Amino acid sequence: MWAVDSFTDRHSTHPGQQSAPSRLSAVTLQARTVIGYGLAGSLLILCGSLGVGWFAADAPLTRLPLLIWLRSEMFGVALSVVALTAGCWVLFHAWLRLKHLAVSLRVVTAAALAWTSPQLLAVPIFSRDVFAYVNQGRLILAGENPYITGVSSLDNWFQRGTDIGWAEDATPYGPLFLWIAAGVMRVSADSAELAVLLFRLVCVAGVALILIFVPKLAEQMGTDPVRAQWVVGANPLLIISFISSAHNDALMVGLALAGTWCAIGAGRRRGGAHWVLGLLALVLMAASIGTKLITLVMLPFIGLLWAGTRASWPARLSYWMLTAGLTGAILAGLGALGGFGLDWVSVLAGTGSGASFWAPLTILVTPLAGLWLLLGHSPDIVYDVAGTLGRMCSVVVVLWLMFRGEQHRAFHRMMWAFAAVVLLSPLIQPWYLLWILPLFAAAGHLTGGRRRWPLALTVGVTGFFLAFGAADQLFVHQFLQADLMMVLISAAVSVAGVTLIWFLDAKARSVVLSRDPAAP
């Protein structure tokens, strides 16, 4: 992991000793080396996924001799765990080093594309939600309504790789994504492997939108598009969560960012461009909400952005009504054409359950839950109540930000409203960070100004979720009785990776330490 540092040292010279073209050439060589280094990490992740990634139970690929050895022999599984975890930290290290070489948007985008490409062929890792998409698509083709019927009504649903937790649950996704799921399963028929690849291509479209519109939004906000692209587009957590894991959140986020860009552009124009961009913003936002309904939170602020910075209160109310009416009509049409009606509204009414130990709200109420457990009661009631209160508080925050604040800061108000919805929940999945990360990056809150702690927090959370996913979300055959052993091996590799990066690479360390001698 420290090979890149020695390369940089060999090619670094005093500014007075080289001409500008020579320095630019040196930076280009260093950037290529860092990109190649990160690509090696991504390839390691790909190799590791073959042994501990998630396949459908009846996948033909699992009968290949090499995969049988990697997945059924103790040494093969351990080797896969080491490769997967080490690959995550090599990619993480390359991401930190890239910050010092992010001289152009082209360089950062090239790194993101290079690091993403091997994950197109990776076996799903860190999550197997993509197999839930497989069976929900099958449900639709079977004439069932996924908002009412669970996947357990299907034959061989478990063999298609879906987690048992999805057996009776209604789908949490919007009507547009159910269309996509049905289309994918119609093309792939009984091949879960082909279905995973097609769902991953859908996610690639979402990531492409993110790579396009994060820097464009940064330009609209007057911040550095290169830094925004680095912290979001080249982020290892985005690559793994949106491509390796194939989460449909990629499409949801990409469409929302494109819609936001159009809404801002509409608010800055008059005449035909104002209306064309505004209507396009609503179509894109309806598609985002139709993928996953959480971006509904952004919709009132899209109306404010469309109205423009000088809009009066009557004008804002008019744009709110227009935004809500047209978007609602599009979503209702999608539901009707899919045969779901307005059943997707039930997703909004769902209370949800569960808690993540890293969620701020969970940390806050865990002592009370422990006390409740000591009294002989289930702690679940504490987390359920906390979740309800958190959702109520987030609604209050969203309403407050809708009506309070300067009109020219509508984007920032939207950013904080969305953050409140995410952070005031007791259940925060690792990829939920990626819902709000692009907004904060575009606004310059992570890499702009003199404060280092927002970027340090982002880097720390990214590293934590990489380590957690590499240790917790592993497929290991039960007959090996090696689950705990593999978790410990992964954790040991993560500790070694963090230690090497922190103590042997001052450049990487300086990304989060403002007083480090190597800090730029």
Side-chain angles (χ1 to χ4, degrees), residues 54-59 124 126-196 198-200 202-203 245-249 251-252 289-294 296 331-332 334-356 378 380-381 383-384 387-388 391 425-429 431-432 473 475 478:
W54 298 93
F55 275 111
D58 56 357
F126 284 41
S127 170
R128 51 172 164 160
D129 282 2
V130 66
F131 294 107
Y133 309 161
V134 168
N135 276 323
Q136 286 166 3
R138 292 178 65 211
L139 266 180
I140 298 169
L141 296 183
E144 299 289 347
N145 185 340
Y147 294 112
I148 298 174
T149 307
V151 299
S152 62
S153 64
L154 295 169
D155 293 334
N156 299 323
W157 68 271
F158 187 72
Q159 282 69 32
R160 291 294 183 273
T162 303
D163 191 290
I164 195 171
W166 285 94
E168 302 295 334
D169 286 355
T171 181
Y173 307 124
L176 176 62
F177 184 73
L178 295 186
W179 272 34
I180 295 172
V184 165
M185 296 314 299
R186 185 172 284 110
V187 172
S188 58
D190 289 331
S191 173
E193 292 73 29
L194 178 57
V196 169
L198 294 177
F199 279 120
R200 186 168 277 154
V202 171
C203 295
S245 301
H247 278 116
N248 60 4
D249 304 63
L251 184 61
M252 175 197 79
I289 297 166
T291 301
K292 204 166 184 179
L293 299 175
I294 188 65
L296 186 67
L331 290 171
L334 289 173
L337 290 174
F340 314 125
L342 295 176
D343 290 339
W344 54 271
V345 177
S346 63
V347 177
L348 299 176
T351 57
S353 60
S356 306
S378 171
D380 291 346
I381 185 64
Y383 294 116
D384 290 342
T388 300
R391 278 184 287 275
S425 170
L427 178 62
I428 301 177
Q429 299 288 8
W431 54 92
Y432 290 6
Q473 297 294 317
F475 170 82
Q478 291 183 354

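Please read these numbers as outputs of a predicted model, since none were measured by experiment.
For F126, there are no ring-ring contact (aromatic ring centres under 6.0 Å, His included) partners, not counting sequence neighbours. Under the side chain to side chain contact (heavy atoms under 4.5 Å, CB included) criterion, W157 pairs with N135, V151, S152, L154, T162, I164, A167, sequence neighbours left out. Every residue meeting the side chain to side chain contact (heavy atoms under 4.5 Å, CB included) condition with Y432, not counting sequence neighbours, appears here in chain and number order: V422, I428, Q429, W435. Under the rule for a side-chain hydrogen bond (donor to acceptor under 3.5 Å, both in side chains), the partners of N248 that lie at least two apart in sequence or sit in another chain are Y133. With sequence neighbours excluded, the residues forming a salt bridge (charged side-chain N to carboxylate O under 4.0 Å, His left out) with D58 are R160, listed by chain and number.
At a threshold of 4.5 Å between non-hydrogen side-chain atoms, the residues Y383 and L427 do not count as touching. Residues W54 and V130 fail the side-chain proximity criterion, which asks for heavy atoms closer than 4.5 Å. With contacts defined as side-chain heavy-atom distances shorter than 4.5 Å, the pair W344/L334 does not qualify. Counting heavy atoms from C-beta on, the side chains of P146 and Y173 never come closer than 4.5 Å.
Here the side chain of R138 pairs a donor or acceptor atom with the backbone of D155 at under 3.5 angstrom.
Interatomic distance, Q136 CD to N145 CG, rounded to the nearest 0.5 Å: 11.0 Å. Expressed to the nearest 0.5 Å, how far CZ of F199 lies from CZ of F177 amounts to 5.0 Å. With rounding to the nearest 0.5 Å, the separation of CD1 in I294 from CG in D249 is 10.0 Å. Taking CG of L139 as the reference point, atom OG1 of T149 lies at 6.5 Å (rounded to 0.5 Å).
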I'd like to know whether I180 forms a side chain to side chain contact (heavy atoms under 4.5 Å, CB included) with L251, so could you lay out the CA-CA distance, the side-chain angles of the two residues, the decisive distance to 0.1 Å, and finally the verdict. CA-CA 11 Å; I180 295 172; L251 184 61; 3.8 Å; yes
Show your working on side chain to side chain contact (heavy atoms under 4.5 Å, CB included) between F340 and I140 and close with a plain yes or no. CA-CA 10 Å; F340 314 125; I140 298 169; 4.0 Å; yes
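What you find for L198 and S188 is that their closest heavy atoms are CD1-CB, 4.3 Å. Heavy-atom minimum distance, A56 versus A192: CB-CB, 3.8 Å. Nearest approach of S127 to H247, heavy atoms of both residues: OG-NE2, 3.1 Å.
Residue pairs that meet the salt bridge (Lys or Arg N to Asp or Glu O under 4.0 Å) test with at least one member in residues 126-136, sequence neighbours left out, are R128-D163.
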